[in-house]
Engineer: 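The structure is given below, and queries will be raised subsequently.
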Amino acid sequence: MIRHLLSAADLDHTEALRVLDTAAELLALADRPIKKLPTLRGRTVVNLFFEDSTRTRISFEAAAKRLSADVITFSAKGSSVSKGESLKDTALTLQALGADAVIVRHQSSGAPHRLAASGWVDGSVVNAGDGTHEHPTQALLDAFTLRRHLAGGVGDLDGRRITIVGDVLHSRVARSNALLLATLGAEVTLVAPPTLLPVGIDSWPVSTSYDLDGALAKSDAVMMLRVQRERGAAGGFFPSAREYSRRYGIDSRRMALLPDHAIVMHPGPMNRGVEITAEVADHERSVIVEQVSNGVAVRMAVLYLLLSGSAGEQDA
Ligand code: ASP
C-alpha cells in the first residue's frame with residue numbers, strides 16, 4: 001500500500017478496490033454494540049485542520065478511535081496558527097509528539113503534498129481537502145456508496161454513469177471523484193455553467209455538458225456540488241442564486257427525469273434551496289446521510305491500510 005494518500009490518483013485499480021473491500025468489512029463493525037478494534041492501539045493520529053469542517057473532521061476522529069488509535073485534534077482557530085505560526089513549525093511540533101498519521105485539511109492547494117515531501121513529519125499524510133484541489137477520502141466514500149447502490153457492493157463501477165453538477169471550478173470533491181471514478185471504470189459527465197468549469201478540463205477523464213436535463217435522464221447517480229461562496233463562487237460567476245438554481249439546481253421536477261434506480265448524492269454541507277431543494281435532499285433516493293456514515297468505514301480502511309504496514313505495528 002502507498003505511504004501517503006494525497007490524491008485520488010495515488011490509488012490504482014487494485015488499491016482502490018482494496019480500500020473499498022476493507023471498508024465493507026469494517027462497516028459491519030458499526031452494527032456491533034462495541035464498535036472498537038485494537039488494530040491501531042498505541043499509534044497516534046493527528047487531525048490537523050486549518051479550514052472549517054464538520055463531517056470530515058468528526059469522521060476521521062471516529063475512524064481513528066474505532067481502531068483504538070490515540071487521536072489529537074488540532075484546529076487552526078484557537079491555536080498558535082492564529083498567532084502566525086507556519087505550517088512547518090506546526091508540523092515540527094506534531095513530529096515532536098510522535099504522530100504516526102497526519103490528516104491535514106488546508107485552504108491552500110498543495111499543502112498536504114508539501115507536508116509529505118518536506119520530511120517535517122515521519123508519519124503518513126492524508127489529504128482531507130486542500131484548497132480547490134483534492135479530497136481523496138470523499139471520493140472513496142462516494143465510490144463506496146455508489147458501489148453499494150449500483151454494483152451490489154462488489155467489484156468496480158464499470159460503465160456506471162455518474163453526473164457531477166455545479167461549482168466544479170472550486171470543488172476538490174469533483175476533481176478527486178473524476179480521477180477515482182475513472183480508475184473504477186465509471187463514465188463521468190460534468191454539468192456546470194461555463195464560468196464554473198476549470199481551465200484544463202479537457203485533460204480530465206470526463207465529458208462535459210451544459211444540458212442538465214439531458215444528462216440526468218442517462219444517469220445512474222447524480223452528485224450535486226455546493227456553490228462555494230467562501231471561495232468567491234457567487235461573485236460574478238452566474239447572474240443570481242435564483243438563476244443558478246433554475247439552470248443547475250435539482251428539484252422534484254428534475255429528479256423525476258432520473259431513471260428509477262438512480263441515487264442523489266451531495267458531499268455536504270448543502271445549500272438547500274440553491275443547488276438542491278429540501279424535498280430532493282430529504283427524498284428516499286437521496287443517500288446524503290448514508291455518505292456520512294460510509295465515510296467513517298472508508299476512513300478506517302484508509303488509516304488501517306496506510307498504518308498497518310509501517311514500523312509501529314511490527315513493533316507492537
Ligand atoms: N465538504 C466538502 C469539502 O470540504 C465539500 C464542500 O465543502 O462543499 O470539499
Side-chain angles (χ1 to χ4, degrees), residues 5-9 47-63 73 75-77 103-113 125-146 162-181 188 190-193 196-198 204 221-235 237-238 241 244-245 248-250 264-276 280-281 286-296 298-299 302:
L5 180 61
L6 305 174
S7 162
N47 262 331
L48 184 57
F49 277 64
F50 292 90
E51 208 188 50
D52 296 344
S53 170
T54 304
R55 278 153 291 272
T56 307
R57 187 170 55 76
I58 294 171
S59 176
F60 267 113
E61 196 167 323
T73 295
S75 313
K77 273 182 207 143
I103 319 295
V104 59
R105 166 166 293 194
H106 203 283
Q107 59 280 8
S108 302
S109 300
H113 296 70
V125 178
V126 180
N127 181 359
D130 62 328
T132 58
H133 183 227
E134 282 224 39
H135 194 352
T137 59
Q138 176 73 44
L140 283 164
L141 76 88
D142 290 338
F144 184 85
T145 307
L146 287 163
I162 319 298
T163 301
I164 303 179
V165 186
D167 184 4
V168 178
L169 179 65
H170 300 105
S171 177
R172 50 202 180 199
V173 174
R175 181 182 277 96
S176 288
N177 261 295
L179 294 169
L180 184 67
L181 291 172
V188 178
L190 302 179
V191 181
L196 288 175
L197 282 175
W204 292 31
V222 58
M223 202 179 281
M224 304 306 297
L225 300 174
R226 182 172 66 90
V227 175
Q228 304 215 1
R229 292 176 194 280
E230 81 278 24
R231 300 190 212 280
F237 288 99
F238 47 84
Y244 180 89
S245 310
Y248 296 101
I250 189 162
V264 178
M265 306 173 78
H266 192 302
M270 288 182 273
N271 288 316
R272 286 179 185 242
V274 181
E275 70 269 0
I276 187 165
V280 176
S286 145
V287 296
I288 298 166
V289 176
E290 186 195 324
Q291 286 173 263
V292 179
S293 33
N294 290 342
V296 178
V298 163
R299 288 173 176 127
V302 167

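Numbers here simply count residues along the sequence, with the first being 1. In this text the structure is predicted, and so the values were computed from the model without any measurement. Just follow the structure's listing: the first ligand is 1, and inside any ligand the first atom is 1.
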Engineer: Run the numbers for me: atoms of ligand 1, each under 4.0 Å from some heavy atom of Pro269, listed by number.
Structural biologist: 1 (N), 6 (C), 7 (O)
Engineer: Identify, by atom number and element, the atoms of ligand 1 in contact range of Arg226, meaning under 4.0 Å from any of its heavy atoms.
Structural biologist: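 By the 4.0 Å cutoff, the relevant atoms are 6 (C), 7 (O), 8 (O).
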Engineer: Can you list everything that forms a side-chain contact (heavy atoms from CB on, under 4.5 Å) with Thr137? Sequence neighbours excluded, please.
Structural biologist: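 Partners of Thr137 by the side-chain contact (heavy atoms from CB on, under 4.5 Å) criterion, ordered by chain and then number, come out as Leu5, Phe60, Val126, His135, Arg299, Val302.
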Engineer: For atom 1 (N) of ligand 1, find the nearest protein heavy atom and state the residue, atom name and distance (0.1 Å precision).
Structural biologist: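 Protein heavy atom with the smallest distance to atom 1 (N) of ligand 1: Gly268 O, 2.9 Å.
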Engineer: Of all the atoms in ligand 1, which lie at a distance below 4.0 Å from a heavy atom belonging to Val173?
Structural biologist: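 Answer for ligand 1: 2 (C), 5 (C), 9 (O).
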Engineer: Between Arg105 and ligand 1, which residue portion shows a heavy-atom distance shorter than 4.0 Å: side chain, backbone, both, or neither?
Structural biologist: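 Only the side chain of Arg105 comes within reach of ligand 1.
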Engineer: Need the ligand 1 atom indices (1-based, order shown) with element for anything under 4.0 Å from a heavy-atom of His135.
Structural biologist: 3 (C), 4 (O), 9 (O)
Engineer: Of all residues at least two apart in sequence or in a different chain, which pass the salt bridge (charged side-chain N to carboxylate O under 4.0 Å, His left out) check with Arg55?
Structural biologist: none
Engineer: With heavy atoms only and a cut-off of under 4.0 Å, state how Gln228 meets ligand 1: side chain, backbone, both or neither.
Structural biologist: side chain
Engineer: Verify the distance criterion only: is there a donor paired with an acceptor across the side chains of Thr145 and Asn294 at less than 3.5 Å?
Structural biologist: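 Side chains of Thr145 and Asn294: pair found under 3.5 Å.
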Engineer: What I want to find out is whether Arg172 reaches Glu51 closely enough, with some N-O distance under 4.0 Å, to be called a salt bridge.
Structural biologist: yes
Engineer: Atom 9 (O) of ligand 1: which protein heavy atom is closest, and how many Å away?
Structural biologist: Arg172 NE, 2.8 Å
Engineer: Is a side-chain donor-acceptor pair under 3.5 Å present for Thr73 with Arg57?
Structural biologist: no
Engineer: Go through the side-chain N and O atoms of Ser176 and Glu134 and say whether any donor and acceptor fall under 3.5 Å apart.
Structural biologist: yes
